[in-house]
Asks: 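Have a look at this one before I ask anything.
Owing to the predicted nature of the structure, the values given are computational and were not obtained by experimental measurement. The sequence lines fix the lettering, A, B, ..., with proteins before strands; numbering per chain opens at 1.
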Amino acid sequence: MNQRADVVERMAELRRRIEYHNRRYYEHDDPEIADADYDRLMSELQSLEAQHPELADPDSPTQQVGGRRSEAFSPVKHLQPMLSLDNAFEEDELRAFDRRLRDRLGHEAQLDYHGEPKLDGLAVSLRYENSRLVQAATRGDGETGEDVTHSVRTIAAVPDRLRGQDLPRHVEIRGEVFITHEGFRELNAAQRRRGEKIFVNPRNAAAGSVRQLDPEIARQRPLDMFCYGIGAMNGGPNFTTQSQMLDMLQHWGAPVSPEGQRLSGIEACLAYYHDLLARREKLAYDIDGVVFKVDRRDWQQRLGQLSRAPRWAIAHKFPAQEKTTVLREVQFQVGRTGAVTPVARLEPVFVGGATVSNATLHNLDEIRRKDIRVGDTVIVRRAGDVIPEVVKVVAEQRPADAREVEFPEQCPVCGSAVVREPGEAVHRCTGRMNCAAQQLETLRHFVSRGALDIEGLGEKNLARFFELDWVRRPSDIFRLHECEEDLLALERFGQKSVDNLLEEIERKRNTQQARFIFALGIPSVGATLAKSLARVFGRFERLRQAPLPLLLTVPDVGPAVAGAIRDFFMDEGNAAELDRLFSGERPIVFEDAGEPDVAWVKTLEMTSLLTALGVRGVAAGAAELVARYHPDFASLWRDPAASVRDEREAQRLCEVASVLESQGCREMLDATEVLLRDWGIHWTQDRSAWHETGQDSPLAGKTFVLTGALAEMTREEAAGSIEAAGGKVTSSVSKKTDFVVVGSDPGSKADKARKLGVTIIDEAGLKALLDKRNGN
DNA sequence: TTACCTCGAGCTCA
DNA sequence: CTCGAGGTAA
């Protein structure tokens with residue numbers, strides 16, 4: 001069977017040739033063959049590998065990420081998510097960070113940190129496999145970014161291959177791509193010479209360059225990079241500190257900031273911060289703060305991370321740049337829900353890398369608090385990275401004719417009364433769908449991305465159609481085809497545009513219920529809640545008909561939200577609009593009209609059964625629980641072995657029990673108690689509370705006193721956990737107290753505990769106790 | 001909120 | 001060539 005040997009040989013040859021051409025391309029920027037020929041080699045190899053899976057090889061070039069011409073901007077999943085950093089703006093916050101860490105680590109002496117400047121560029125993750133750069137990706141949402149290999153590869157500072165021995169099989173190196181001041185000046189000079197666009201700041205120039213499609217343009221741009229961390233890594237050397245890791249990166253040939261320093265203790269960090277702040281102007285590139293990381297890796301690991309940022313690092317931001325400018329006017333914008341927002345129109349001023357001409361003033365209280373008047377000279381900054389903010393008024397420069405801001409009593413758009421609900425900061429226009437602003441905003445929301453997502457119906461076009469009276473409410477969108485002629489007559493609307501738009505609208509007649517519910521723009525119903533409403537009710541019509549108590553059974557729906565939903569559907573205008581959307585020749589059609597959630601149906605049954613039995617006021621959660629796990633309601637009371645799966649559920653069962661108690665349903669109450677006891681829970685009538693009586697809990701029967709603020713939970717939460725574990729929480733320390741849990745800033749209870757010789761533990765100690773009990 | 005890139009399509013002039 | 005839309009980043 002010579003054929004097989006031939007195949008093996010051909011595959012080896014293909015792999016060799018592809019690797020050779022990869023080297024020419026990647027390392028020497030000097031491809032020898034045309035793309036098409038290269039692709040032919042690649043596809044032949046791919047098809048051979050597909051036919052002979054037993055000959056596949058993980059090291060084959062077909063398995064390499066990035067390939068030769070990875071698809072520009074296609075999504076890339078980071079092997080390890082790219083986290084963001086927690087920010088500190090004041091010294092206090094930095095000190096609090098240090099304190100938090102030392103408490104958590106139980107480390108009284110000072111901590112070693114690694115400090116480095118926080119560059120103002122864009123974050124990029126480089127992926128090296130077998131020492132070769134195979135892929136570069138932007139940060140994206142932290143999980144998934146965009147493939148920018150084609151342009152990042154052209155950055156001189158980014159090595160195509162890592163040097164040295166003991167390299168990892170693969171590694172993600174994280175860093176910041178930026179442009180120096182000098183590079184920026186030269187780039188703009190060149191742009192001007194060529195009559196091309198001038199960039200407003202180095203950051204945008206860098207970001208723009210990285211997202212150039214043509215790598216040759218990127219190559220002309222003075223992009224630079226500093227690396228500061230490692231994501232996923234497989235193999236390679238061990239390192240025990242952040243500083244060591246950076247040394248290692250440098251050793252591999254990756255660019256690392258020369259400003260990085262190891263710092264002992266938080267005072268050294270502050271000194272470092274002030275030093276860099278003073279030298280900020282003299283640095284070759286823009287920085288917007290300093291990053292501090294716990295130097296020891298094992299401590300980093302012990303500290304772990306929160307949802308979005310590691311606990312062991314923080315960015316100490318420089319104060320935002322501020323400028324003064326003149327407030328020309330205050331205008332009032334009316335939003336979708338009628339909220340009237342004051343907006344400052346400012347004399348344009350360049351601050352923090354961008355031109356600011358508008359800034360929200362939030363509400364009337366804010367205006368009065370800052371005593372902002374029209375004509376005032378104000379201090380403006382770009383706070384928290386992006387949103388412009390009027391910091392304060394320069395009182396000395398107030399002109400004699402400065403005007404106080406008068407909040408309109410009538411809506412500036414429709415003239416309806418503007419009211420302010422007691423307890424709310426916002427003013428609202430009462431015009432509802434009679435108000436053009438609210439109509440237009442409603443439409444904008446309806447077609448927006450998370451909603452029906454009608455492409456081609458962007459802000460500009462929508463506003464045009466609105467003014468022409470073609471589209472005043474959502475149902476009009478689906479009648480646009482009736483004005484096809486008029487559409488064609490419009491400026492910049494040819495046959496193609498019209499076809500595309502009408503086809504898109506036609507497509508979006510079919511949609512999902514969650515999108516549609518979100519699209520309606522019911523106050524406090526966002527994308528997430530819309531999803532759960534769709535799931536729970538199964539059919540839109542049921543949601544529409546749902547009475548208040550049913551709405552309240554939905555997770556995350558409380559009285560306010562339930563009321564808002566009810567009000568929306570009760571409104572006659574809304575009802576008529578919905579009828580229009582669902583009637584006619586081609587109504588809105590749901591692709592996912594399904595049956596309601598079984599648990600929810602059971603909840604309803606359960607609720608009505610309890611009601612029939614004369615039990616009133618059963619908590620929604622309890623009803624939901626019972627319904628979910630005991631679909632045959634009656635069996636619950638017959639089968640005490642039925643499982644209750646966790647403490648929350650047990651607690652809810654207790655709620656049922658307390659209702660049963662109050663309603664005098666003795667028989668059912670007894671059954672409930674048996675059920676709870678079976679799970680090791682003792683329900684006490686007097687407290688309507690519950691706790692575990694299990695013997696294996698170290699907390700069982702112990703008495704706790706809590707004092708001081710806890711970092712991770714409130715005292716109430718801690719008390720809840722202790723009771724759940726069978727312990728007891730009291731308010732004052734006595735000889736009978738077993739443990740005193742001391743948080744930060746403890747009161748006199750800690751002293752008393754010391755005097756009485758009661759065991760003192762901290763939050764970590766308490767957690768340890770609780771964990772032990774959860775077993776395992 | 002602003003700045004930037006890409007894409008499709010219309011507009012304009014040769 | 002120019003515009004609007006759509007997307008991304010900070």
Asks: Going 5' to 3' along nucleotides 6-14 of chain B, which nucleotides have protein heavy atoms under 4.0 Å from the base (write B), which only from the sugar-phosphate (write S), and which from neither (write -)?
Replies: SS-SBS---
Asks: From the set dA3(B), dA5(C), dA10(C), return the single nucleotide nearest to any side-chain atom of Val200(A).
Replies: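 Ranking dA3(B), dA5(C), dA10(C) by closest atom to the Val200(A) side chain puts dA3(B) first.
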Asks: Check whether any side-chain heavy atom of Leu94(A) sits under 4.5 Å from a side-chain heavy atom of Ile314(A), and report yes or no.
Replies: yes
Asks: Between atom NZ in Lys460(A) and atom C1' in dG6(C), what is the gap in whole Å?
Replies: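 My rounded result for the distance is 13 Å.
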Asks: Just call it for Ala123(A): base, sugar-phosphate, or nothing, with non-hydrogen atoms closer than 4.0 Å on any strand.
Replies: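 Touches sugar-phosphate only.
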Asks: Taking the minimum atom-to-atom distance to the side chain of Asn358(A), which one of dA10(C), dC4(B), dT2(B) wins?
Replies: dT2(B)
Asks: Whether the side chain of Arg336(A) engages the backbone of Gly521(A) through a donor-acceptor N/O pair (distance < 3.5 Å, no angle test) should be reported.
Replies: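 It does hold such a pair.
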Asks: Quickly work out the Glu176(A) CD to dA9(C) C1' distance and round it to whole Å.
Replies: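 That distance rounds to 11 Å.
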Asks: From the options Leu270(A), Leu85(A), Asn87(A), select the one residue that forms a side-chain contact (heavy atoms from CB on, under 4.5 Å) with His316(A).
Replies: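 Answer to the side-chain contact (heavy atoms from CB on, under 4.5 Å) test with His316(A) among Leu270(A), Leu85(A), Asn87(A): Leu270(A).
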Asks: Checking contacts here: which listed nucleotide (dT2(B), dA10(C), dG4(C)) is nearest the side-chain heavy atoms of Ser357(A)?
Replies: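 Of the candidates, dT2(B) comes closest.
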Asks: Could you check which of dC5(B), dA9(C), dG4(C) has an atom nearest any side-chain atom of Leu122(A)?
Replies: dA9(C)
Asks: Figure out the CG/C1' separation between Leu119(A) and dA9(C), and round it to whole Å.
Replies: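 It is 16 Å, rounded to the nearest whole Å.
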Asks: Take the protein atom CG of Asn204(A) and the nucleotide atom P of dT1(B), then report the distance between them rounded to whole Å.
Replies: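 Computing the Asn204(A):CG to dT1(B):P distance gives 16 Å.
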Asks: Give me the ring orientation class for Phe465(A) and Phe493(A): parallel if the planes are under 30° apart, tilted from 30 to 60°, perpendicular past 60°.
Replies: tilted
Asks: When you check the phosphate oxygens OP1 and OP2 of dC4(B), does a side-chain N or O of Lys197(A) lie under 4.0 Å from one of them?
Replies: yes
Asks: Is the centre of the Phe73(A) ring less than 6.0 Å from the centre of the His150(A) ring?
Replies: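 Yes - the distance between ring centres of Phe73(A) and His150(A) falls below the 6.0 Å cut-off.
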Asks: dA10(C) phosphate, OP1 or OP2: any side-chain N/O from Arg139(A) under 4.0 angstrom?
Replies: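 For Arg139(A), the contact criterion (side-chain N or O under 4.0 Å from OP1 or OP2 of dA10(C)) is not met.
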Asks: Nearest heavy atom decides the nucleotide; on that basis, is Pro388(A) or Arg221(A) closer to the 5' end of DNA chain B?
Replies: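 Closer to the 5' end of DNA chain B: Pro388(A).
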Asks: List the residues meeting ring pair (Phe, Tyr, Trp, His ring centres under 6.0 Å) with His78(A), not counting sequence neighbours, and say none if there are none.
Replies: none
Asks: Taking CG from Asp453(A) and C1' from dA5(C), how many angstroms apart are they, rounded to a whole number?
Replies: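 Answer to the nearest Å: 12 Å.
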Asks: In whole Å, I'd like the distance from the CE atom of Met82(A) to the C1' atom of dT8(C).
Replies: 14 Å
Asks: Return the value, rounded to whole Å, for the distance between atom CD of Glu143(A) and atom P of dA9(C).
Replies: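 These atoms are roughly 14 Å apart.
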Asks: Under 4.0 Å between a side-chain N or O of Thr138(A) and OP1 or OP2 of dT8(C)?
Replies: no
Asks: Closer than 4.0 Å, any side-chain N/O of Asn461(A) to the OP1 or OP2 of dG4(C)?
Replies: no
Asks: Where do Leu119(A) and Glu176(A) come nearest, in terms of heavy atoms and distance?
Replies: O-OE2, 3.2 Å
Asks: Checking all strands, does Ala354(A) fall into the base, sugar-phosphate, or nothing category for heavy-atom contacts under 4.0 angstrom?
Replies: sugar-phosphate
Asks: Hey, can you tell me if Tyr285(A) and Phe226(A) have their rings parallel, tilted or perpendicular (30° and 60° cut-offs)?
Replies: perpendicular
Asks: Using a 4.0 Å heavy-atom cut-off across all strands, classify Thr360(A) as base, sugar-phosphate, or nothing.
Replies: nothing
Asks: Given atom CD1 of Ile387(A) and atom C1' of dA3(B), what is their separation to the nearest angstrom?
Replies: 16 Å
Asks: Can you tell which of dA10(C), dT8(C), dC5(B) lies closest to the side chain of Arg203(A)?
Replies: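 Within the option list, the nearest is dA10(C).
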